[in-house]
A.B. asks: 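A single structure is presented below for examination.
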2 protein chains.
Amino acid sequence: MPDTSKYSVLFEPVKIGPLTARNRFYQVPHCCGMGHVRPQAHAAMREIKAEGGWAVVSTEETEIHPTSDLSPYAEQRLWDDRDIPALRLMTDRVHDNGALAAIELVHNGNHAQNLLTRGPILAPSDMSLSVAYPKQARAMDKADICEFRRWHRNAARRAKQAGFDIVYVYAGHRMTLTQHFLLPEYNDRIDEYGGSLENRSRLIRELLEETHEEVGDSCAVAFRFAVDEMMGADGMQAQEEGCAVVEMLAEVPDLWDVNVSDWTNDSATTRYEPNDGYQTPYIEFVKQLTSKPVVAVGRLNSPDMMVSMVKRGIVDFIGAARPSIADPFLPEKIRTDRIEEIRECIGCNICVSSDTLGVPIRCTQNPTMGEEWRRGWHPEKIDPKKDQDAALVVGAGPAGLECAVQLAKRGYQVTLAEAGNTLGGRAVREARLTGLAAWRRVADHRIYDLQQRANIEAFLDSRMSAADVTELGISNVFVATGASWRRDGVGRTSRLPFKSESPETIMTPDDIMNGLLPNAGPLVIYDDDQAYLAGVLAEHLVARSRDITFVTPASVVSPFTEYTLEQARIQRSLIEKGVKIITGHKLVAVTNSSCEIRCIYTEQPRHLACATLLPVTERIRQSDLFEELQGNARSGIETLELIGDAAMPGLIADAVYSGHMAARNFEVDPEDVAKQLFRREIVSLKNA
Amino acid sequence: MPDTSKYSVLFEPVKIGPLTARNRFYQVPHCCGMGHVRPQAHAAMREIKAEGGWAVVSTEETEIHPTSDLSPYAEQRLWDDRDIPALRLMTDRVHDNGALAAIELVHNGNHAQNLLTRGPILAPSDMSLSVAYPKQARAMDKADICEFRRWHRNAARRAKQAGFDIVYVYAGHRMTLTQHFLLPEYNDRIDEYGGSLENRSRLIRELLEETHEEVGDSCAVAFRFAVDEMMGADGMQAQEEGCAVVEMLAEVPDLWDVNVSDWTNDSATTRYEPNDGYQTPYIEFVKQLTSKPVVAVGRLNSPDMMVSMVKRGIVDFIGAARPSIADPFLPEKIRTDRIEEIRECIGCNICVSSDTLGVPIRCTQNPTMGEEWRRGWHPEKIDPKKDQDAALVVGAGPAGLECAVQLAKRGYQVTLAEAGNTLGGRAVREARLTGLAAWRRVADHRIYDLQQRANIEAFLDSRMSAADVTELGISNVFVATGASWRRDGVGRTSRLPFKSESPETIMTPDDIMNGLLPNAGPLVIYDDDQAYLAGVLAEHLVARSRDITFVTPASVVSPFTEYTLEQARIQRSLIEKGVKIITGHKLVAVTNSSCEIRCIYTEQPRHLACATLLPVTERIRQSDLFEELQGNARSGIETLELIGDAAMPGLIADAVYSGHMAARNFEVDPEDVAKQLFRREIVSLKNA
């Protein structure tokens, strides 16, 4: 790296307590649905980050005791010495790649349900669980607090034994006992742990000091702290107690890792926080109050913003969770001046949804995320081609684009034929809708890559018939012809179409994405997809249509988005914009002026005025070309594969993954591919 | 057992294919939240059933392939040979106890999400997933069907290798690919697997025949089949195609295991299906159509009903899932004429909730369920007492009763002091409410047990002060003083009380359970508990109050009951009875004639007429006696323990568990107890 690079400041080493980080790139703790359930997958995923140039690579939250039991979720665990070997897997890999390993110790207080251990639920005061499970937490007495401090100290010692360099005390995301002590809302104690801020922060100070005592000789002690709850005066505010906490504990930790709370605010999606760096206004005061290094986050994708944040004295480290998932090689690409190659996070929170579902992390931009161990995939490396020379990819949506780019990377001569007049397919079409602009990055990243390669030719306006394909004479064909939205209401709730007397009143999501607009008059959006699109369409059309009713058999708008932490924001936004919401109803019939819906519980009918109906229920795979080619025995085609939504309609993440997999597995022994499908981690039968 | 016993018919051996079951007690496959995630716990739990006298002990559903990947749920797995050792743990234990081991092979079709494996989702026709995850299943082509049959055959072979005696083909619960092929709603194929019933059942016939071929020499082949979907003409009906399927395949399997679909119908709770044996009207035709043995279920707790069902030629085997969970020793207790000692299933579905939450099974009646391996608990055995001789238990609710009975069983002289005029506490109080009558069994079982023992003295109307306890001079005291419902609205959604100008308009759940009734005029039930009680109270009061509004911050009524499979029934029932439901709102204030609620999304206020407010939010632990005794240093008390809701308000299951644990751990080395808390199964680090 030339010293004169405008990004050189990002590659300065920074001291953290007794250690030195090699540069300013810091992968803050983030969940990944692996944890103690998938230790090998976890170690391999973190290793890739270290290889990609991050100076610090952290775990997800790590339970320190059976009274912070997050079962069945897959977080880390350090209850006793038996958990050390699994974590050692990670630290060895991180160290081998020149990075420091950090561990985020946690006690989740009343956010833990202890469903496996059935231990007591602990909190500063008596209260319900934070989730709708009928158990209550008990106010900790002095003995409980002593015990808790002992558990934390023991966990810190074990973390050091497992090879960690940085040990966290964690008070954030509204999910941590230490933060619960801080918040008057949770803490009505009248002893020395309640009342004044000094009292409410006593436990944190004790943990920080005791962690220093226990491991501070060789490890740094980090403090992750949510400075603002974004609840105004109802919660902690950066300019009030958030600031006072930093002042009070300024020099106690070796590093401040600051963010906003709760998790929905910290990991806000581009749909509601379109600007990268959105946390800066909340955290920028911190560095003025401490001499210790500060790390902060907020979807920091842009190297220019990173440099500015360091130069303006806002942070010492560029913290990242999601940008490090979308591109584990982000630091290395900046270092080697390959800025354009960065796969920027689109802020869709599919990564978060994996963790909230309890399964390994996935990423829309980075199809290798979570597959480092299971499939042996590397985000930047792919095996060169074997015997075949050329491939045709039909369809340039997310699956087709990814497939074409990866095939080209392998060295094949790739022909990419797109029926439409743009590359990107649904990634571009959906990105035209309100709130989803950043999703275009899925296409942009791949289009840029494609443009750099001499061995891809892309053709627009090139709808292919089976005869066209055969005539072209390319013997390896990947069909990524996508899927289209149904018009008839068939979906999860009903396998039968609704009754329709006037098909002309019906529009599909595809119509809207093609730029058509509903007629004047009442618009009914019927959502049985229950993912994100119907909610997006409602927000998109609300500016154009004064009278929208959103009907869904689900009990909330867009229930899938609970996993992406967006649900409450979506429903609030629609209500505030005047969309009428009717949950728990299914659509059964539509005429030219009204539609009939029925209560899913009682079948009670109800009629709504409806000039236009927009059903968002299910998609039809566009697999005609594939089937025709399949039927053409001996057409000269050796490999024929259906990929993306045409094979299995899903998320954009699934389409990218499908295209990537097809490219990777082309000319690979099917037995080896099958082995990857079966690979999983298995519980030990040794008597514990 | 004397041959003349009226129950002797239940202990006749029955042939199943090449095997003979030792009696007629058959533990049908049931989920347990253990599966491949907790193989040692699983084996120990099934072993107890075999020890308790069941002739056949089955697994839960067992995934046969990565395209039926139920991650993160904890079902069984038999993808390849690597899964055999974990299952062998179970079969060895079952055989050692003289029972046959059965395995339920499954492919879940579009009920699987394949979130770990990301494999294709398979179905007879293109369609959405059955759950609200944005992926769609693909219609299987002929090659897919061939592959599927091969997977099933391979799994059958591996099942035999793992030591199973009975191998299932499974078409039930609306969760299985084979059943999806059967149902016209799911199957619109035009090939030989679609159309006529013969075609739609072709796949099942093939699997049955192929399983016979593969393992039929030494194993029996069972067919689990849902004869009726309880959807009327919209689904399969016992008297229509359900019957035709049995006719068509009558002699193909070695055993028919028949039930109703979906799972909410098969595992109906007593709240909505109060009668044991509720499935009989649907399945009673089956035995007339086949010479093979038939097993059926329906909460069969009563030995007399069992005998009658066998004698009337309805079944050959008494099937049980829940009764075998509540009392694993049910067969043995009947055999040895200890009918009164049976812990009858109360039909609360807490067992189901464990599985739907992905954690080990729990049971309200049987606190040892799920703890056989982790804590080494046995439902019928408990260690005798050590040095101490006497114990006082204060409070005779579920925790106190269980604690007293178990302490007595250990040999202590137990004094049980109850402030009220009945034994049973909340188990009896809640059982007075509409729908929960069967929950009384929690108290009845323990009261019967207590009455048999000379070493328990129970005192009613005996409220104890600290002075009373001290004066009594018993040095080991267990305090089970329960919890009471808050009156001020504090709970999950708000840690601050609502504003109240007229406390006299407020009633609590305790008031209702004490027999008080609301004033005339509009009643508002405010549910921030979000479990079951507020919904029960609404049903209880609807007969007495014409104007009930049910307000909750949740998006549905009683969201926790989704885990117990009751939610839709509850909401339907309340709507049909005229209860007005307002979801997504929190209560902020109450006057003597109205209350103010606010939208949880927008804070938009709304006012409701309200003569009586019944808030169901959170409970206050009644721990005064405990704290006073704790403060009384040197009062002669050696052991002082707070148990049940007084220690941690939770489900009745939690209270029973807490009482049981206290009794078991009394005079046990705390280090040994701590070891149990930390015990868990750990993932192997051997490279898979």
Side-chain angles (χ1 to χ4, degrees), chain A residues 36-37 39 66 71-72 79-80 82 85-86 89 115-121 126 128 132-136 138 185 357-360 491-492 495 529-531 554-556 559-560 568 571-572 575-576 601-602 618-619 621 647-651 654 657 677-685 688, chain B residues 36-37 39 66 71-72 79-80 82 85-86 89 115-121 126 128 132-136 138 185 357-360 491-492 495 529-531 554-556 559-560 568 571-572 575-576 601-602 618-619 621 647-651 654 657 677-685 688:
Chain A
H36 65 91
V37 180
S71 304
W79 293 358
D80 60 24
R82 283 171 289 181
L89 284 185
L115 293 176
L116 172 66
T117 66
R118 307 176 86 170
I121 314 280
D126 280 10
S128 300
Y133 190 90
K135 268 189 192 176
Q136 289 182 209
R138 155 189 109 198
E185 183 187 347
L357 283 158
V359 295
R492 188 169 286 116
R495 302 301 322 150
D529 175 47
Q530 306 188 22
S555 52
V556 293
F560 172 75
Q571 192 143 351
R572 180 182 315 128
I575 296 172
E576 285 175 348
Y601 297 108
T602 62
E618 194 171 290
R619 282 176 284 168
R621 302 186 294 125
M648 182 175 83
L651 294 164
D654 297 315
Y657 178 78
L677 180 65
F678 282 80
R679 203 159 192 224
R680 75 276 189 191
E681 302 191 47
I682 290 181
V683 172
S684 169
L685 301 184
Chain B
H36 65 91
V37 179
S71 304
W79 293 358
D80 61 24
R82 284 172 287 181
L89 284 186
L115 293 175
L116 173 66
T117 66
R118 307 175 86 169
I121 314 280
D126 280 10
S128 300
Y133 189 90
K135 269 188 189 175
Q136 288 181 211
R138 159 188 108 199
E185 182 187 346
L357 283 158
V359 295
R492 189 169 284 116
R495 302 302 319 151
D529 174 48
Q530 306 187 23
S555 52
V556 293
F560 172 74
Q571 193 144 352
R572 179 183 316 126
I575 296 172
E576 285 175 348
Y601 298 108
T602 62
E618 195 171 288
R619 280 174 286 167
R621 302 187 293 125
M648 181 173 86
L651 294 163
D654 297 314
Y657 178 78
L677 181 66
F678 282 80
R679 202 158 194 225
R680 74 275 188 194
E681 304 194 45
I682 290 181
V683 172
S684 169
L685 301 183

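When reading the values below, keep in mind they use all heavy atoms of this one structure, side chains included, and skip hydrogens, waters and symmetry mates. All chains are named by letter (A, B, ...) in the order of the sequence lines, taking the proteins before the strands, and each is independently numbered beginning at 1. Keep in mind the model is a prediction, meaning the values are calculated, not measured.
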A.B. asks: Can you list the steps and then say if A/E681 with B/L116 is a side chain to side chain contact (heavy atoms under 4.5 Å, CB included)?
C.D. replies: CA-CA 11 Å; A/E681 302 191 47; B/L116 173 66; over 6 Å; no
A.B. asks: Taking all non-hydrogen atoms of both residues, which atom of A/P66 and which atom of B/F678 are closest, and how far apart?
C.D. replies: CD-CE2, 3.5 Å
A.B. asks: Give the member of A/V37, A/D529, A/L651, A/D80 that has the highest number of heavy-atom pairs under 4.5 Å with chain B.
C.D. replies: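 Ranked by contacts with chain B, first place is A/D80.
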A.B. asks: Among A/Q530, A/K135, A/R495, A/E576, who wins on heavy-atom pairs under 4.5 Å with chain B?
C.D. replies: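 Option with the top pair count is A/R495.
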A.B. asks: Shortest non-hydrogen contact from A/L685 to B/A86?
C.D. replies: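 Scanning both residues, the minimum pair turns out to be CD1-N, 3.7 Å.
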A.B. asks: Roughly how far, to the nearest 0.5 Å, is the CH2 atom of B/W79 from the CZ atom of A/R680?
C.D. replies: 5.5 Å
A.B. asks: Sort out for me which of B/P559, B/A568, B/S71 touches chain A most, counting heavy-atom pairs under 4.5 Å.
C.D. replies: B/A568
A.B. asks: Specify which of A/H36, A/R138, A/Q571 makes the most heavy-atom pairs with chain B at under 4.5 Å.
C.D. replies: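 The candidate making the most pairs under 4.5 Å is A/Q571.
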A.B. asks: Quick check for you: to the nearest 0.5 Å, what is the distance between A/D126 atom CG and B/R621 atom CZ?
C.D. replies: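 Going from the CG atom of A/D126 to the CZ atom of B/R621 covers 4.0 Å.
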A.B. asks: Top residue by heavy-atom pair count (under 4.5 Å) with chain B, among A/A531, A/P134, A/G491, A/G650?
C.D. replies: A/P134
A.B. asks: Treating B/R492 as the side-chain partner and A/Y133 as the backbone partner, does any N or O pair qualify as donor plus acceptor under 3.5 Å?
C.D. replies: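 Flag set: sc B/R492 to bb A/Y133 pair under 3.5 Å.
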A.B. asks: Looking just at side-chain N and O atoms, do A/S128 and B/E618 make a donor-acceptor pair shorter than 3.5 Å?
C.D. replies: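 Looking only at side-chain atoms, B/E618 and A/S128 do form a donor-acceptor pair, the distance falling under 3.5 Å.
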A.B. asks: To check you understand the geometry: which heavy-atom pair defines the closest contact between B/P39 and A/V683, and what is its length?
C.D. replies: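 Nearest heavy atoms, B/P39 then A/V683: CD-CG1, 3.7 Å.
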A.B. asks: For B/P360, which atoms come within 4.5 Å of any heavy atom of chain A: side chain, backbone, both, or neither?
C.D. replies: side chain
A.B. asks: Which atoms form the tightest heavy-atom contact between B/P72 and A/G358, and what is the distance?
C.D. replies: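 Nearest pair, atom of B/P72 first, then A/G358: CB-O, 3.4 Å.
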A.B. asks: Under a 4.5 Å cutoff for heavy-atom pairs, which residue among B/V359, B/L89, B/I575, B/I121 has the most contacts with chain A?
C.D. replies: B/V359
A.B. asks: What heavy-atom pair brings B/R572 and A/Y601 nearest, and what distance separates the two atoms?
C.D. replies: NE-O, 2.7 Å
A.B. asks: Quick check on B/A554 against chain A: is it the side chain, the backbone, both or neither that has a heavy atom closer than 4.5 Å?
C.D. replies: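 No part of B/A554 comes within 4.5 Å of chain A.
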